[in-house]
Amino acid sequence: MDTQMKIPQHVAFIMDGNGRWAKKRFLPRTLGHKAGTENLRKIITYAKDIGISYVTFYAFSTENWKRPAEEISALMDILLTYLRAETKNFVKEGARLNILGDLSDFAEEFQNEINNSVQLTKNCDRIIVNIALNYSGRSDIIHGINEMLKNGTVESITENDFSKYLYTKDMPEPDLLIRTSGELRISNFFLWQLAYSELYFTDVLWPDFNEKEFEKALKNFTQRDRRFGGLKDD
Ligand code: IPE
Ligand code: IPE
Ligand code: MG
């Protein structure tokens, strides 16, 4: 690894292109989701090994419910199988699983399995792995506002106070967002949290996004001049 590389604290991924990856191989879309899910391990390990503290994976958006029921249930089965097999490895790697989004719309078995993995990894402290499920940026903000209202009448609130009501409370905002598969949009992912994130888009499809591609993104990030509205240092 390049010693000059700037290591972001938090990297978020819009894991897109599973369907097209499968199509290119004349396979059913679900095999693309399987390959995409199995790709998580190497990305998490690489992130942890180079010292990234938080990674977030957008796995299922609130809009993805528009897909055919068979695709959704196959995707949930794949995620369930992955979690069952992978939780031990999360613990071994020191990866703490955290879910962003509203799980209550999923089957009970699915919720239980996820909560179980969250519990089993709760003391892991090498890296936090957020998986965004039934998540969207807008629903995050609306969920936060409703939580805030539950706490009684609020007359005014600061940005800092409000960020504590989001699913990402207590976490740094992403320094870098990576979207695979060539789409140049946010698709209702982190809206609040991306205010000053560096954006990186690649044509590589998610199941093909490997350590080398990740390193390319990090090298690109290293060249960025983050000003946060201020002026250059030099
Ligand atoms: C991303 O892959 C995974 C999810 C959104 C669940 P897609 O399923 O969107 O793959 P494409 O965009 O059709 O190739
Ligand atoms: C974004 O991908 C959502 C996830 C990766 C979970 P989509 O494939 O749903 O996004 P659009 O429809 O191309 O914007
Ligand atoms: Mg897509």
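Count residues from 1 along the sequence. Counting starts at 1 for both ligands and their atoms, following the listed order. Computed from a predicted model, the values in this text were never measured in an experiment.
Comment: R84 engages E113 in a salt bridge, judged by a side-chain N to carboxylate O separation of less than 4.0 angstrom. A salt bridge links D175 with R226: the closest approach of a Lys/Arg side-chain nitrogen to an acidic carboxylate oxygen falls below 4.0 angstrom. Under a 4.0 Å N-O distance rule, the pair R20/E183 qualifies as a salt bridge. A salt bridge links E213 with K216: the closest approach of a Lys/Arg side-chain nitrogen to an acidic carboxylate oxygen falls below 4.0 angstrom.
In terms of protein heavy-atom proximity, atom 10 (O) of ligand 1 is nearest to G19 N, 2.9 Å. Among all non-hydrogen protein atoms, the one lying nearest atom 9 (O) of ligand 2 is N64 ND2, 2.9 Å. Nearest protein heavy-atom neighbour of atom 2 (O) of ligand 2: R179 NH2, 3.7 Å. The nearest protein atom to atom 14 (O) of ligand 2, hydrogens excluded, is given as S187 OG, 2.6 Å; this is a heavy-atom distance.
The aromatic rings of Y58 and F189 lie parallel to each other, their planes meeting at an angle below 30°, with 60° marking the opposite boundary. By the 30° and 60° cut-offs, the orientation of the rings of H143 relative to Y167 is parallel. Between F214 and Y46, the ring-plane angle classifies as tilted under the 30° and 60° cut-offs.
In this structure, R67 places its CZ atom where more than 12 heavy-atom neighbours from other residues, nucleotides or ligands lie under 6.0 Å away. For F26, the CZ atom counts as loosely surrounded, since its 6.0 Å shell holds 12 or fewer non-hydrogen atoms of other residues, nucleotides or ligands.
Contacts between E63 and ligand 1 below 4.0 angstrom, taking non-hydrogen atoms only, are absent altogether. Here M15 has backbone heavy atoms under 4.0 Å from ligand 1, and that is the only part of it that gets that close. Contacts of R20 with ligand 2, taken as heavy-atom pairs under 4.0 Å, are absent altogether. Within the 4.0 Å heavy-atom criterion, neither part of F189 lies near ligand 2. Under 4.0 Å from ligand 1, not a single heavy atom of L205 appears. With a heavy-atom cut-off of 4.0 Å, A132 does not touch ligand 2 at all.
Put simply, no part of K66 is less than 4.0 Å from ligand 2, judged by heavy atoms. For the pair R67 and ligand 1, a heavy-atom separation below 4.0 Å is found. Look at E183 and you'll find every heavy atom at least 4.0 Å from all atoms of ligand 1. Within the 4.0 Å heavy-atom cutoff, S181 does not count among the residues contacting ligand 1.
For ligand 2, the polar-atom distance check against S61 finds no nitrogen or oxygen pair separated by under 3.5 Å. Close N/O approach between D16 and ligand 1 is found [any backbone or side-chain N/O within under 3.5 Å].
Closest to the Mg ion (ligand 3) among the N, O or S atoms of D16 is OD1.
Atoms of ligand 2 found under 4.0 Å from any heavy atom of Y58, numbered from 1 in the order shown, are 3 (C), 4 (C), 5 (C), 6 (C). For ligand 2, the atoms lying closer than 4.0 Å to a non-hydrogen atom of F60 are 6 (C). The distance from ligand 1 to the heavy atoms of L75 drops below 4.0 Å at these ligand atoms: 6 (C). Taking every heavy atom of R185 and a limit of under 4.0 angstrom, the matching atoms of ligand 2 come to 11 (P), 13 (O), 14 (O). Here is the list of ligand 1 atoms found below 4.0 Å of a heavy atom in A59: 6 (C).
Atom 12 (O) of ligand 2 is not flagged as protein-proximal [any protein heavy atom, distance under 4.0 Å].
Taking the centre of each ring, Y135 and F190 come in below the 6.0 Å mark. Ring centers of W65 and F106: under 6.0 Å apart, within the cut-off.
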Test side-chain hydrogen bond (donor to acceptor under 3.5 Å, both in side chains) applied to N160 and T158, step by step: CA-CA 5 Å; N160 197 36; T158 65; 5.5 Å; no
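Residue F57 is tested with N130, I43, L100 for a side chain to side chain contact (heavy atoms under 4.5 Å, CB included); the sole match is I43.
Shown here for T37 and H33, the closest heavy-atom pair between the two residues is OG1-O, 2.7 Å.
Within the 2.8 Å limit, E183 places no N, O or S atom next to the Mg ion (ligand 3).
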